[in-house]
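Reminder, nothing fancy here: chain letters follow the sequence lines and each chain counts from 1.
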Amino acid sequence: MEIPKAYDPKLAEASHYSRWEAQGCFAPEVNRDPQAPVYTIVIPPPNVTGNLHMGHALQHTIMDVLARYHRMLGRRTLWLPGMDHAGISTQIQVEKLLKKEGISRHDLGREKFLERVWAWKEQYGGEILNQMRREGASVDWSRARFTMDEGLTRAVREFFVRMYEKKWIYRGEGLINWCPKDQTALSDLEVDKVEKKDGKLYYLQYPVMGSDRRVTVATTRPETMLGDTGVAVSPKDERYADLVGATLLLPIVGREIPVVADGFVDPEFGTGAVKVTPAHDPNDYAMGRRHDLPQVKVIDQHARMTPEAGAEFAGLDRYEARELVVAKFAELGLLEKIVDYEFSISQCARCRTVIEPLLSVQWFLRQAALGQQPLDLIGERHEPRFVPEVPYEKVYTNWLAGLHDWTLSRQLWWGHRIPAWYDEAGNVFVARSEEDARAAAGTNELTQDPDVLDTWFSSALWPISTLGWPDDTPDLKTFYPTSVLVTARDIIFLWVARMMMTGLEFAGEKAFDDVFITGTIFDKHGQRMSKSKGNGVDPLAVFDKYGVDATRIVLASIGTTDTRWNDTQVESYRNFANKIWNAARFCLMNSEGARVGEGFEGDPQTWALHDRWITSRLQKTTRDVSKAIEAYDFHAAVQTLYHFFWDDFCDWYIELSKADVTAAEASPARDAARSRVLSVLEQALRLLHPFMPFITEELWLRLPGVGAGQLHPAYSHAEPTIMLAAYPLTREELIDERAESEIAAIVELVSRVRNIRSEMSIKPGEPVRILVGAAEASLRAVFESGSQQIARLVRASEVTVGETTGGARAAARAVLAGGAEVAVPLEGLIDFAQERERLGKEQEKLGAEAAKLEAQLANENFVARAPAEKVEELRQRVADIAQRTTALTQTLEALA
RNA sequence: GCCCGCUUAGCUCAGUGGUAGAGCACACGCUUCACACGCGUGGGGUCGUAGGUUCAAAUCCUACAGCGGGCACCA
């Protein structure tokens with residue numbers, strides 16, 4: 001057998017994925033059991049412009065673990081992939097390319113520009129999909145969707161038209177977030193609030209007409225005063241009570257504006273008087289409507305001043321205008337003061353440009369209406385179930401409870417065009433197609449609305465649209481609702497909540513049962529990874545360095561935790577992969593005559609102790625890992641697998657089996673022992689497969705005896721592959737507590753002797769004799785029957801088991817559980833002082849523990865109020881310690 | 001202003017009302033016939049601070065501190 005000593009991940013990663021794909025293993029149709037339960041995940045579609053980052057890798061790993069696990073359990077499993085057209089990002093990407101050619105999208109015109117975007121998408125878009133292959137993502141490529149597919153476009157129009165018919169979508173004038181750089185409206189969720197330190201608050205004085213009084217207003221944006229149409233004060237504010245209804249003369253502009261009383265105004269803040277600019281501030285907009293104040297637009301979509309701002313200002317940038325306004329106020333003697341002031345500003349989440357609130361005609365969706373069903377569902381039934389529940393259920397609920405209208409229209413070209421047409425008179429016709437619109441309008445002379453929809457509008461439909469909605473397709477019937485949504489927390493509002501809205505509204509059922517929110521991966525300093533900071537860790541580089549499987553298992557155990565990335569944890573799982581490789585290498589090097597699935601025949605009670613033990617450990621591992629995956633506790637699942645494989649299987653089972661497995665002479669006993677290690681390995685590989693698909697497949701296929709017999713019945717027709725093997729089920733009847741405690745006794749014995757060897761500086765190669773004493777016959781039997789194995793593990797030339805270890809003075813000793821003890825005779829080698837010190841330390845430790853326990857038992861309240869079994873347990877421990885202490889004392893006395 | 005999370009070994013993180021855990025790092029010893037990406041042994045924490053509840057608190061409650069997040073507002 002020529003198996004390399006070190007595992008090379010590239011070997012396994014090169015071939016298996018394309019074979020799985022070619023054999024149709026990723027499609028739910030591979031499952032031939034029509035009765036099988038269904039398991040569905042739709043991927044959060046990455047942006048077509050995107051590249052794989054750690055966040056994706058984390059989400060994809062979680063989804064793949066779940067998909068592979070449920071697939072191995074025989075569920076009809078669909079993990080549906082796809083991409084998002086990513087409106088602004090994509091448009092800007094292509095515009096950048098055009099700029100290099102010296103042209104703008106306007107030079108090309110809308111149609112030609114869109115042709116360019118599609119061409120770009122075909123050529124460069126979706127690199128991330130190839131990167132997903134590298135990850136091992138078991139997605140059904142045959143069902144891959146793009147949010148601008150024909151089918152999804154139909155879904156978008158259907159959504160829009162139905163909402164319009166319900167009057168939940170409307171067109172109207174509103175104050176929206178405008179990005180002066182991207183030249184489009186944005187929803188509230190696409191705007192970030194940023195704390196700014198170096199702001200200023202300007203105190204401006206407005207003269208009261210017919211009086212020499214002045215009203216001072218405080219503002220952070222003096223330039224907007226050009227659009228002021230009122231000043232508001234609190235109705236409770238006595239300072240201004242007599243001014244309500246008075247008229248002010250707006251400086252510079254010369255406009256006469258009223259003083260109004262409005263409850264919004266906080267008399268404690270600033271001067272208690274607020275300038276009102278209805279066209280450029282959300283609160284002022286609302287106040288303006290309450291008091292019928294005119295809206296004067298003084299800033300345009302390029303964030304420059306309009307002609308309405310006055311000839312001096314028209315065309316100036318908003319910040320230039322600010323300086324000029326302040327200078328004029330100073331000149332007029334109306335600038336009271338300027339103070340430093342911290343305030344936050346709104347930025348475009350994409351390009352960081354300061355947002356300009358702008359009054360314009362847009363399309364809106366009444367989210368509060370659409371959000372009612374999700375709000376009821378989470379309130380009444382706690383659905384969907386969030387993992388982790390805290391804090392996300394609350395975050396989600398609070399957002400749904402306070403929904404505002406969603407600004408849908410975007411002044412872009414790339415995206416779903418709004419299905420609204422206008423006739424020459426300006427009448428609007430919303431329809432599923434231009435033909436329908438024409439029919440409704442009774443004319444062919446229609447112009448379609450030039451705007452497109454927010455990218456998230458099509459995303460909101462993702463779970464249903466990808467499965468065929470608005471048609472009632474077999475896929476929709478079969479795979480909806482989906483089982484779980486795995487995503488990052490920053491799109492709970494943008495996406496998760498909205499999918500619940502559309503799912504409940506259009507499919508009549510929640511979009512998913514569970515929502516798994518992954519943690520955030522920071523750099524090693526705790527900083528968020530970002531392109532601009534250049535501190536991102538490239539998953540592909542980590543794959544190259546440590547292998548995909550090692551990276552995946554680290555990501556899986558990160559799960560919902562915020563964590564600082566460091567390569568050392570990946571390195572340790574790279575080592576784990578190598579451990580698996582070498583354990584398999586050992587099994588395969590000794591596999592002549594062995595077959596997977598054999599070696600464990602007959603009544604388990606007749607099996608050797610270590611075989612009963614590993615079988616029991618395997619059952620508990622299977623049980624715990626399955627439970628952990630079902631509870632989305634991937635960290636626990638990984639820990640359990642790691643320790644089972646490394647500690648139980650490699651450190652102990654293989655070592656305990658070694659003599660039998662490596663026997664020089666072929667024999668049925670040797671074949672059986674070899675089959676057993678092979679069979680346990682095979683089960684372990686299946687348990688590990690969802691986390692580490694590549695190495696497990698690579699090794700599994702090499703095991704003698706694997707084939708159709710290991711496949712889940714639903715896949716029995718398929719080519720053998722571990723990904724279609726049955727996930728192990730727990731066989732409770734094979735859990736053997738007695739075997740576990742007996743092996744624990746042997747493990748303790750071996751560890752104590754090794755400790756003695758190490759502390760006494762006995763050369764590793766030097767054989768020792770050991771004497772084991774146990775008063776209890778059953779324990780003696782365990783040591784006696786294991787004496788060959790014990791001898792091997794501690795490098796003993798002789799293991800003698802008796803009722804006592806005898807009185808040999810020149811021996812190092814240790815006290816074991818169950819009243820047993822072990823002695824290592826060290827004729828002429830022992831340093832009595834050193835041995836006394838070693839035992840003395842141990843005695844001290846026991847004494848301290850006993851004192852603590854006895855104090856507790858002496859507490860009447862404890863004995864009276866603690867559960868009886870707890871008290872009994874403590875008494876047991878005290879008795880055990882007492883026994884050990886007695887034995888230690890005798891040993892020490894013998895040494896004296 | 002409102003809401004929330006985190007604080008455990010040098011590092012990254014688990015965990016839990018009843019004997020403090022892992023990996024890495026560290027120390028010592030090992031060419032032990034699967035593996036030095038390994039084997040064996042060992043050291044290391046008053047579980048952020050102060051109170052409270054309890055027979056028992058690192059775990060539950062309260063306050064505080066530090067770090068971080070979300071929402072609202074910001075004239």
Side-chain angles (χ1 to χ4, degrees), chain A residues 3 5-7 193 199 201-204 217-221 224 231-232 264-266 269-277 281 283-284 287 341-345 388 390-392 394-395 398-399 402 489-490 492-493 520 522 524 526 528 546 550 554 557-558 561-569 571-590 633 635-636 638-639 642-643 650-651 654-655 658 662 750-751 754-759 761-765 792-795 849 852-853 856 859-867 870-871 873-874 877 881:
Chain A
I3 304 170
K5 277 175 93 163
Y7 172 55
K193 298 286 163 67
L201 192 58
Y202 302 84
Y203 286 73
L204 310 179
V217 295
T219 179
T220 56
R221 300 198 60 192
T224 62
V231 166
F264 167 79
V265 180
D266 173 6
F269 190 92
T271 62
V274 187
K275 60 193 271 316
V276 182
T277 322
D281 179 276
N283 295 309
D284 293 7
M287 271 195 287
Y341 180 64
E342 278 181 28
F343 65 107
S344 59
I345 51 171
V390 177
Y392 300 116
K394 204 166 170 182
V395 166
N398 290 346
W399 188 71
R489 59 170 163 256
D490 50 357
I492 290 176
F493 308 148
T520 305
F522 301 101
K524 63 181 171 187
R528 192 173 272 275
Y546 300 105
V554 167
S557 52
I558 285 174
T561 316
D562 285 358
T563 196
R564 298 178 182 207
W565 183 265
N566 63 336
D567 275 4
T568 60
Q569 45 184 339
E571 192 177 332
S572 90
Y573 282 100
R574 186 272 316 260
N575 296 350
F576 180 52
N578 193 57
K579 188 72 180 178
I580 296 170
W581 180 260
N582 274 288
R585 183 164 173 261
F586 171 80
C587 295
L588 288 167
M589 282 165 58
N590 297 287
D633 186 356
H635 186 273
V638 168
Q639 289 301 307
Y642 184 95
H643 290 294
C650 293
D651 287 353
I654 286 183
E655 295 304 330
K658 224 165 213 177
T662 60
V750 168
S751 300
R754 283 171 171 171
N755 170 256
I756 287 169
R757 291 192 67 120
S758 181
E759 299 263 313
S761 303
I762 299 166
K763 293 221 158 47
R792 188 185 174 98
L793 292 172
V794 302
R795 308 204 124 221
E849 203 184 330
K852 214 167 108 185
L853 296 175
Q856 209 174 337
N859 182 342
E860 284 171 29
N861 278 326
F862 171 72
V863 179
R865 302 199 190 190
K870 202 83 236 169
V871 177
E873 186 191 311
L874 236 67
R877 269 163 54 201
I881 290 170

Kindly say if A/Thr563 contacts the phosphate of B/U12, meaning a side-chain N or O under 4.0 Å from OP1 or OP2. no
Bracket notation of RNA chain B in which parentheses pair within the strand, [ ] cross earlier pairs, and | pairs with another strand (Watson-Crick or G-U, under 3.5 Å): (((((((..((((....[..)))).(((((.......))))).....(((((..]....))))))))))))....
What's A/Thr662 touching, base or sugar-phosphate or nothing? Going by heavy atoms closer than 4.0 Å. nothing
Give A/Lys524 one of three labels, base, sugar-phosphate or nothing, depending on what nucleic acid heavy atoms sit under 4.0 Å from its own. nothing
Rounded to whole angstrom units, what separation is found between the CG atom of A/Asn590 and the P atom of B/A34? 7 Å
Not counting sequence neighbours, which residues clear ring-ring contact (aromatic ring centres under 6.0 Å, His included) with A/Trp399? List them please. A/Phe493
Take atom CD1 of A/Ile762 and atom C1' of B/C30, then tell me their distance rounded to the nearest Å. 14 Å
Would you indicate what A/Val265 reaches in the nucleic acid, counting non-hydrogen atoms under 4.0 angstrom: base, sugar-phosphate, or nothing? base
From C-beta outward on A/Glu759, which listed nucleotide comes closest to its side chain: B/C35, B/C73, B/U41? B/U41
Would A/Lys870 and A/Phe862 count as a cation-pi pair here, with the cationic atom under 6.0 angstrom from the ring centre and within 45° of the axis? no
When the distance from CZ of A/Arg754 to C1' of B/C30 is rounded to whole Å, what number comes out? 12 Å
CG (A/Asn575) and OH (A/Tyr7) are apart, to the nearest 0.5 Å, by 13.5 Å
Has the side chain of A/Arg585 got a donor or acceptor atom that lies under 3.5 Å from a matching backbone atom of A/Ile3? yes
Classify the angle between the aromatic ring planes of A/Tyr642 and A/Phe576 as parallel (below 30°), tilted (30 to 60°) or perpendicular (above 60°). tilted
Could you state the atom-to-atom distance from CD1 of A/Ile756 to P of B/G29 in whole Å? 20 Å
Taking A/Thr561 for the side chain and A/Thr563 for the main chain, is one N or O donor matched with an acceptor at less than 3.5 Å? no
A/Asn755: which residues meet the side-chain contact (heavy atoms from CB on, under 4.5 Å) condition with it, sequence neighbours left out? A/Arg752, A/Glu759, A/Arg838
Give every pair of a protein N or O atom and an N or O atom of nucleotides 18-28 of chain B that lie under 3.5 Å apart, one pair per line with the distance.
| unit_1 | atom_1 | unit_2 | atom_2 | d |
| --- | --- | --- | --- | --- |
| B/U19 | O4' | A/Arg877 | NH2 | 3.1 |
| B/U19 | O2 | A/Glu849 | OE2 | 2.7 |
| B/G23 | O2' | A/Ser572 | OG | 2.9 |

Quick check: any donor-acceptor pair below 3.5 Å linking the side-chain of A/Arg574 to the base of B/C37? yes
Check A/Asp281 with A/Lys275, please: is the shortest side-chain N to carboxylate O separation under 4.0 Å? no
May I have the distance from A/Phe576 (atom CZ) to B/C35 (atom P), rounded to whole angstrom? 18 Å
Select base, sugar-phosphate, or nothing to describe what A/Cys650 touches, counting heavy atoms under 4.0 Å on all strands. base
B/C4, OP1 or OP2 - any side-chain N/O from A/Lys394 closer than 4.0 Å? yes
Measure from the side-chain heavy atoms of A/Ala583 and tell me the nearest of B/C71, B/G29, B/A34. B/A34
Please produce a list of atom pairs where a protein N or O lies less than 3.5 Å from an N or O of nucleotides 5-10 of chain B.
none

Between B/G38 (P) and A/Arg585 (CZ): distance, integer Å: 14 Å
Roughly, in whole Å, what's the span from CD1 in A/Ile654 to C1' in B/C33? 14 Å
Does a nitrogen or oxygen in the side chain of A/Asn755 sit under 4.0 Å from OP1 or OP2 of B/G42? yes
What nucleic acid atoms does A/Lys579 come within less than 4.0 Å of, heavy atoms only: base, sugar-phosphate, or nothing? base
Base, sugar-phosphate alone, or nothing: which one does A/Asp266 contact when heavy atoms must sit under 4.0 Å apart? base
Is A/Lys658 near enough to B/U32 that one of its side-chain N or O atoms lies under 4.0 angstrom from OP1 or OP2? no
Who are the side-chain contact (heavy atoms from CB on, under 4.5 Å) partners of A/Lys852, not counting sequence neighbours? none
Mind checking if A/Tyr546 touches a base, just sugar-phosphate, or nothing, with heavy atoms under 4.0 Å? nothing
Pairwise P distance for B/C24 and B/C39, with rounding to whole Å: 9 Å
Whole Å only: how far is the CZ atom of A/Arg757 from the P atom of B/U32? 13 Å
